[in-house]
Amino acid sequence: MSESNVDIISDLESRGLIAQTTSGDELREHLSGGSRTLYSGFDPTADSLHIGHLVPLLVLRRFQLAGHKPIALVGGATGMIGDPSFKAAERQLNSVEVIGGWVDRLQGQLSQFLDFDCGDTSASVVNNLDWIKSLNVIDFLREVGKHFSVNAMIQKESVKQRIDREGSGISFTEFSYMILQSYDFAELYHRHECTLQVGGSDQWGNITGGIDLSRRLYKGQTFGLTVPLVTKADGQKFGKTETGTVWLDPKKTSPYAFYQFWLNTADADVYKFLHYFTFLEPSEIARIEEEDKAAQGRPQAQGVLATEVTRLVHGQEGLDASQRISEALFSGELSHLTESDFEQLRLDGLPGTYIEESKSGLVDALVSTGLAKSNRVAREFISNNAVAINGEKCDDLEAQLTSEQALFGKYVLLKRGKKMFHLLTFAGV
RNA sequence: GGAGGGGUUCCCGAGUGGCCAAAGGGAUCAGACUGUAAAUCUGACGCGAAAGCUUCGGUGGUUCGAAUCCACCCCCCUCCA
């Protein structure tokens with residue numbers, strides 16, 4: 001993949017990555033006419049991006065590979081306002097300092113996915129605070145606000161429920177969000193000839209607002225493209241586990257947990273996700289799907305997905321570590337592990353805790369490691385034969401964990417259910 | 001401001017004086033089956049080993065006894081002004 005004669009739109013279409021575009025054929029022509037600049041915005045709503053952000057981010061990368069120039073925008077300013085799009089309720093504002101810290105983190109994360117050193121199509125990361133903070137209210141209202149019709153704004157689907165519904169109104173602050181995002185697009189058009197904005201399908205209203213504003217302020221023609229919301233076949237929300245959001249930050253979601261998340265993708269979703277989250281060719285994905293269909297038993301797709309995405313986000317090292325842990329834990333053969341392997345497991349991100357005493361009741365240990373929510377539940381797990389110590393099932397409610405039974409005198413691997421593990425280390429030894 | 005309806009355990013939703021820690025469904029968790037799937041079946045699902053303790057918007061009250069009755073308060077919804 002390299003030059004700009006690649007039809008990026010067709011590629012995205014074949015991956016199911018296009019929810020909506022503005023002026024379809026014109027956009028296609030525009031893109032095939034040369035190297036274009038495009039952007040997507042990421043607001044600092046937490047100290048890390050999560051896997052939901054990955055889709056538009058990878059689309060930026062796809063454009064770059066197709067010979068275009070991506071800009072990743074961090075919403076240092078918009079993040080201070082809060083996007084109301086399709087949100088049920090007004091949100092709490094975070095402090096300026098906190099958001100500033102998050103901006104720094106996101107900038108670093110975003111950088112990891114784009115190429116900043118490839119000549120004309122080198123990516124850049126910008127912060128909309130740089131141009132929004134210097135705006136003064138009068139200028140803003142006269143020069144930007146004047147181009148927006150409140151009548152049109154309240155018609156937008158993204159804020160409709162907030163306008164219509166009683167009991168969950170919308171503040172002027174959040175209502176203004178759309179204008180700021182529109183201003184970003186116009187500004188990037190003006191500064192960098194950025195002619196395309198990419199975003200999630202919930203961003204459609206904000207994107208078209210920016211297209212209108214670019215035309216009104218600078219007579220520029222710009223385009224919008226939205227990617228679909230990632231959905232799961234069973235209707236559950238994508239990107240959550242029992243432990244919460246799946247973050248890109250390895251300190252918040254370990255590479256091992258990240259790998260496991262993808263590995264556990266349902267069959268009904270996995271081929272779609274391969275299109276969304278990897279750079280494998282659609283033909284390659286189709287081949288995998290056919291092979292899986294033909295073969296009995298476990299499909300290979302989940303493994304491919306987990307491998308590809310984990311490598312992409314956590315690098316080869318993170319992937320190796322994840323696979324090392326997964327293999328050790330799920331092969332059931334703990335006896336193959338050496339002492340240094342255990343130490344490595346801990347370093348690789350297997351959840352673990354130290355215990356000071358030379359022994360501990362099994363029930364207490366389950367609770368203190370978080371494998372069970374309460375003593376009652378811990379007992380239930382034990383009686384259900386759901387707990388294993390160093391790979392051996394244990395159904396003794398009175399069982400004690402001692403440093404004698406620990407592997408290498410230190411390590412006790414607790415397992416609850418089929419896939420919850422915790423490594424206990426006897427510290428005082 | 002007036003009239004009516006409602007707030008129940010994670011969610012939906014029964015329950016209108018004791019048999020209620022509270023039906024049923026969903027979600028979740030465990031077991032069997034399997035592919036670290038899906039579907040299905042079984043079990044658990046406020047805390048506690050138990051005795052027992054704490055829950056039904058809030059605060060008081062009536063009663064031997066309240067989620068259920070009374071008073072006041074808070075919040076939500078519908079209709080009218």
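Quick note on labels: first sequence line is chain A, next is B, and so on, each numbered from 1.
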**Study point:** N-O pairing of A:Arg311 and A:Glu308 below 4.0 Å
**Key:** yes
Exercise for review: Please state how far atom NZ in A:Lys393 lies from atom C1' in B:A30, giving the value in whole angstrom units.
Suggested key: 10 Å
Check your understanding: What's the CG-C1' distance between A:Asn384 and B:A30, to the nearest Å?
Key -> 5 Å
Point to revise | Residues, nucleotides or ligands: over 12 heavy atoms within 6.0 Å of A:Glu339 CD | key: yes
Review point. Under the 6.0 Å and 45° cation-pi test, does A:Arg346 pair with A:Tyr354?
Key: yes
Practice item. Take atom P in B:G57 and the same atom in B:U16, then report the distance between them in whole Å. Key: 15 Å
Revision key, fill the gap. A:Leu263 CG to B:A37 P, in whole Å, measures 10 Å
Practice item. Quote, to the nearest angstrom, the C1' distance that separates B:G60 from B:A14. Key: 28 Å
Tabulate atom names and distances for all N/O pairs under 3.5 angstrom spanning the protein and nucleotides 47-49 of chain B.
{"residue": "B:G48", "atom": "OP1", "partner": "A:Asn375", "partner atom": "N", "Å": "3.1"}
{"residue": "B:G48", "atom": "OP2", "partner": "A:Ser374", "partner atom": "OG", "Å": "3.0"}
{"residue": "B:G48", "atom": "OP2", "partner": "A:Arg376", "partner atom": "N", "Å": "3.4"}
{"residue": "B:A49", "atom": "OP1", "partner": "A:Arg379", "partner atom": "NH1", "Å": "3.1"}
{"residue": "B:A49", "atom": "OP2", "partner": "A:Arg379", "partner atom": "NH1", "Å": "3.1"}

Review point. Between atom CG in A:Asn385 and atom C1' in B:A44, what is the gap in whole Å?
Key: 15 Å
Practice item. Kindly indicate, with the supporting measurements, whether the criterion side chain to side chain contact (heavy atoms under 4.5 Å, CB included) is fulfilled by A:His314 and A:Leu319. Key: CA-CA 7 Å; A:His314 296 299; A:Leu319 172 64; over 6 Å; no
Review point. Could you state the CD-P distance from A:Gln296 to B:A37, rounded to the nearest angstrom?
Key: 18 Å
**Study point:** Cationic N near anionic O, under 4.0 Å, A:Arg62 to A:Asp11
**Key:** no
Practice item. Using Watson-Crick or G-U wobble geometry with both distances below 3.5 Å, tell me the partner of B:G46, or none. Key: B:C53
Practice item. Calculate the interatomic distance between A:Lys232 atom NZ and B:A38 atom C1'; express it in whole Å. Key: 12 Å
Review point. How many angstroms lie between atom CZ of A:Phe261 and atom CD1 of A:Ile51, to the nearest 0.5 angstrom?
Key: 3.5 Å
Review point. Would you find more than 12 non-hydrogen atoms of other residues, nucleotides or ligands less than 6.0 Å from A:Leu347 atom CG?
Key: yes
Check your understanding: Which value, in whole Å, describes the distance between the C1' atoms of nucleotides B:U59 and B:U28?
Key -> 34 Å
Point to revise | P atoms of B:G4 and B:C11, separation to the nearest Å | key: 30 Å
Check your understanding: Between B:A50 atom P and A:Glu380 atom CD, what is the distance in whole Å?
Key -> 12 Å
Check your understanding: Between atom CD in A:Gln260 and atom C1' in B:G35, what is the gap in whole Å?
Key -> 13 Å
**Study point:** Minimum-distance nucleotide to A:Phe381 side chain [options: B:G35, B:U36, B:C29]
**Key:** B:C29
Exercise for review: Flag yes if more than 12 heavy atoms outside A:Lys373 fall under 6.0 Å of its NZ atom; otherwise flag no.
Suggested key: no
Exercise for review: Could you check which residues of residues 302-327 of chain A get a heavy atom under 4.0 Å from RNA chain B? Sort them by number, please.
Suggested key: A:Gln302, A:Ser326
Practice item. Please work out which of the three classes, parallel, tilted or perpendicular, describes the rings of A:His53 and A:His50, given edges at 30° and 60°. Key: tilted
**Study point:** Within residues 264-272 of chain A, residues whose heavy atoms come under 4.0 Å of RNA chain B
**Key:** A:Asn264, A:Asp267
Exercise for review: Write down the distance separating the C1' atoms in B:C33 and B:C41, rounded off to the nearest Å.
Suggested key: 9 Å
Exercise for review: Both distances under 3.5 Å, Watson-Crick or G-U wobble: report the partner of B:C41, or none.
Suggested key: B:G31
Check your understanding: Among A:Lys251, A:Arg105, A:Gln109, whose side-chain hydrogen bond (donor to acceptor under 3.5 Å, both in side chains) with A:Ser48 holds?
Key -> A:Gln109
Check your understanding: Mind checking the P distance from B:G17 to B:G48? Whole angstroms is fine.
Key -> 34 Å
Check your understanding: Whom does B:C72 pair with, Watson-Crick or G-U wobble, provided both distances fall under 3.5 Å?
Key -> B:G58
Check your understanding: Roughly how far apart, to the nearest Å, are B:G7 and B:A67 at atom C1'?
Key -> 12 Å
Review point. How about A:Gln400: does its CD atom have over 12 heavy atoms from other parts shown lying under 6.0 Å from it?
Key: yes
Review point. What nucleotide among B:G35, B:G31, B:C29 has an atom nearest to a side-chain atom of A:Ala386?
Key: B:G31
Practice item. Could you work out the separation of B:C76 and B:U63 based on their C1' atoms and round it to a whole Å? Key: 31 Å
